[in-house]
Amino acid sequence: MTHQDELKQLVGKAAVQFIEDGMTVGLGTGSTVKFMIDALGERVSKEHLSIVGVPTSDRTREHANSLGIPTKSLDQVDHIDLTIDGADQIDRNYQGIKGGGGAHLLEKVVAINSEQNMWIVDESKMVDKLGSFPLPVEVVPYGSRQLFERLAAKGYNPVFRTNGDQRFTTDSKNYVIDLHLEQIDHPRDLALELDQMTGIIEHGLFLDLVNTVIVGHENGPEVIH
Ligand code: 5RP
């Protein structure tokens, strides 16, 4: 296991200690969340925890179910107590970029419907300013070429995400365009601008959403509320 994976596993294990019997838990997507689900599966089987998971992707649902964690879709639950998810970058103000795994649409829908949101990251994800990680934008396939050109004209350096020689498609059958911005000076302004562009379904700026961040360091997990 790489050092980064060790830190991801560390925060995954730390996060499941916040899950209590009877909770409905939003389950994010990604390699860090995968470690968290492994640890949650262990608690469910050893402690007979009765929880329901609300997955944010097909792969998360399949992984959770394979470990005996029951899942429901968001529409089947009244509320979500806590959602635990990864992130691609988190800045000093705890604003984030998500969507490296292309799951940010469902992740954001689940996050805004959760009473509490927790992000789990290894320390490499903590940055002064967002933007060196490309900002994912999920777009409707129809007219995506024209939308791409509009993003290019704004100087946002768009790149269609691919999977081998195919265009990457999300669980909702949309495309992802990654914006190579290098630095995002005004995340709120950019979020508003992208929110208003027809054809964009959701972007990966997650602003004012998180309550707790667990950062994995060499000497242990740091919990920030
Ligand atoms: C998926 C995400 C992930 O949370 C993010 O990409 C972090 O992934 P990883 O834990 O694999 O580094 O937003 O859409």
Side-chain angles (χ1 to χ4, degrees), residues 1-16 25-40 53-64 74 80 82-91 94-114 116-127 130-139 159-163 168-181 184 187 191 194 200-207 209-217 221:
M1 201 188 288
T2 64
H3 179 58
Q4 193 182 20
D5 280 346
E6 282 171 4
L7 298 184
K8 288 180 179 188
Q9 188 176 45
L10 183 81
V11 292
K13 284 183 175 170
V16 298
V25 184
L27 305 172
T29 293
S31 54
T32 317
V33 164
K34 199 159 179 281
F35 285 118
M36 183 275 289
I37 292 174
D38 287 341
L40 181 57
V54 178
T56 54
S57 62
D58 294 342
R59 66 204 120 122
T60 289
R61 190 192 59 250
E62 283 158 20
H63 185 50
L74 179 58
I80 299 175
L82 169 68
T83 287
I84 303 174
D85 203 347
D88 297 302
Q89 282 193 328
I90 303 175
D91 74 8
Y94 302 101
Q95 312 290 26
I97 288 183
K98 289 183 46 54
H104 60 280
L105 170 61
L106 299 200
E107 289 172 338
K108 201 180 275 187
V109 175
V110 167
I112 64 157
N113 286 291
S114 301
Q116 296 280 314
N117 281 284
M118 174 184 283
W119 287 345
I120 51 175
V121 291
D122 66 83
E123 60 190 1
S124 72
K125 308 279 186 73
M126 303 303 289
V127 295
L130 301 176
S132 56
F133 189 92
L135 178 65
V137 175
E138 180 159 347
V139 306
V159 176
F160 271 108
R161 193 178 295 183
T162 52
N163 188 6
F168 174 86
T169 52
T170 66
D171 286 353
S172 309
K173 306 280 178 272
N174 298 309
Y175 294 155
V176 172
I177 295 176
D178 291 305
L179 305 181
H180 292 252
L181 301 165
I184 301 175
L194 297 174
I200 290 182
I201 302 173
E202 197 50 82
H203 55 78
L205 280 169
F206 280 50
L207 307 181
L209 270 172
V210 76
N211 308 99
T212 306
V213 177
I214 305 185
V215 186
H217 301 286

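In listed order, ligands and their atoms are each counted from 1. These figures come from a predicted structure and were not determined experimentally.
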*Find all atoms of ligand 1 within a distance of less than 4.0 Å from any non-hydrogen atom belonging to Gly86, and give their numbers and elements.*
4 (O)
*asked:* Within the 4.0 Å heavy-atom shell around Asp88, which atoms of ligand 1 are there?
replied: 5 (C), 6 (O), 7 (C), 13 (O)
*Does any N or O atom in Gly99 lie less than 3.5 angstrom from one in ligand 1, N or O only?*
yes
*How far does CD of Gln9 sit from CD1 of Ile120, to the nearest 0.5 angstrom?*
11.5 Å
*Asp88 and Gly99: which non-hydrogen atoms are nearest, and at how many Å?*
OD2-N, 3.2 Å
_ligand 1 N/O within reach of Gly30 N/O, cut-off under 3.5 Å_ = no
*Test item: Lys108 side-chain N/O and His203 main-chain N/O as donor-acceptor pair under 3.5 Å*: yes
*For atom 3 (C) of ligand 1, which protein heavy atom lies nearest, and how many Å away is it?*
Thr29 O, 3.2 Å
*Among Thr170, Val137, Val176, whose side-chain contact (heavy atoms from CB on, under 4.5 Å) with Arg161 holds?*
Val176
*Hey, is the main chain of Leu27 close enough, under 3.5 Å, to the side chain of Thr56 for a donor-acceptor pair?*
yes
_Interfacing atoms of ligand 1 (cut-off 4.0 Å, heavy-atom, Ala103)_ = 14 (O)
*Have a look at ligand 1 and work out which part of Asp85, if any, has a heavy atom under 4.0 Å from it: side chain, backbone, both or neither.*
side chain
*Heavy-atom nearest neighbour in the protein, as seen from atom 12 (O) of ligand 1, with distance rounded to 0.1 Å*: Lys125 NZ, 2.8 Å
_Using every non-hydrogen atom in the two residues, find where Glu138 and Gly102 come nearest and quote the distance to one decimal._
OE1-O, 4.3 Å
_Please determine whether any non-hydrogen atom of Lys34 lies less than 4.0 Å from an atom of ligand 1._
no
*Quick one: does His180's side chain have a donor or acceptor within less than 3.5 Å of a partner on Val159's backbone?*
no
*Under 4.0 Å from ligand 1, counting heavy atoms only, is it the side chain of Ser57, its backbone, both or neither?*
neither
*So, the side chain of Asn211 versus the backbone of Met118: is there a donor-acceptor pair under 3.5 Å, distance only?*
no
*Quick one: look up the protein heavy atom nearest atom 11 (O) of ligand 1 and list residue, atom name and how far away it is.*
Ser31 OG, 2.5 Å
*Check whether any heavy atom of Gly28 sits under 4.0 Å from an atom of ligand 1.*
no
*asked:* To check your reading of the model: name the closest protein heavy atom to atom 10 (O) of ligand 1, its residue, and the distance in Å.
replied: Thr32 OG1, 2.5 Å
*Looking only at atom types and distance, does a side-chain atom of Gln89 sit under 3.5 Å from a main-chain N or O of Gly131, one as donor and one as acceptor?*
yes
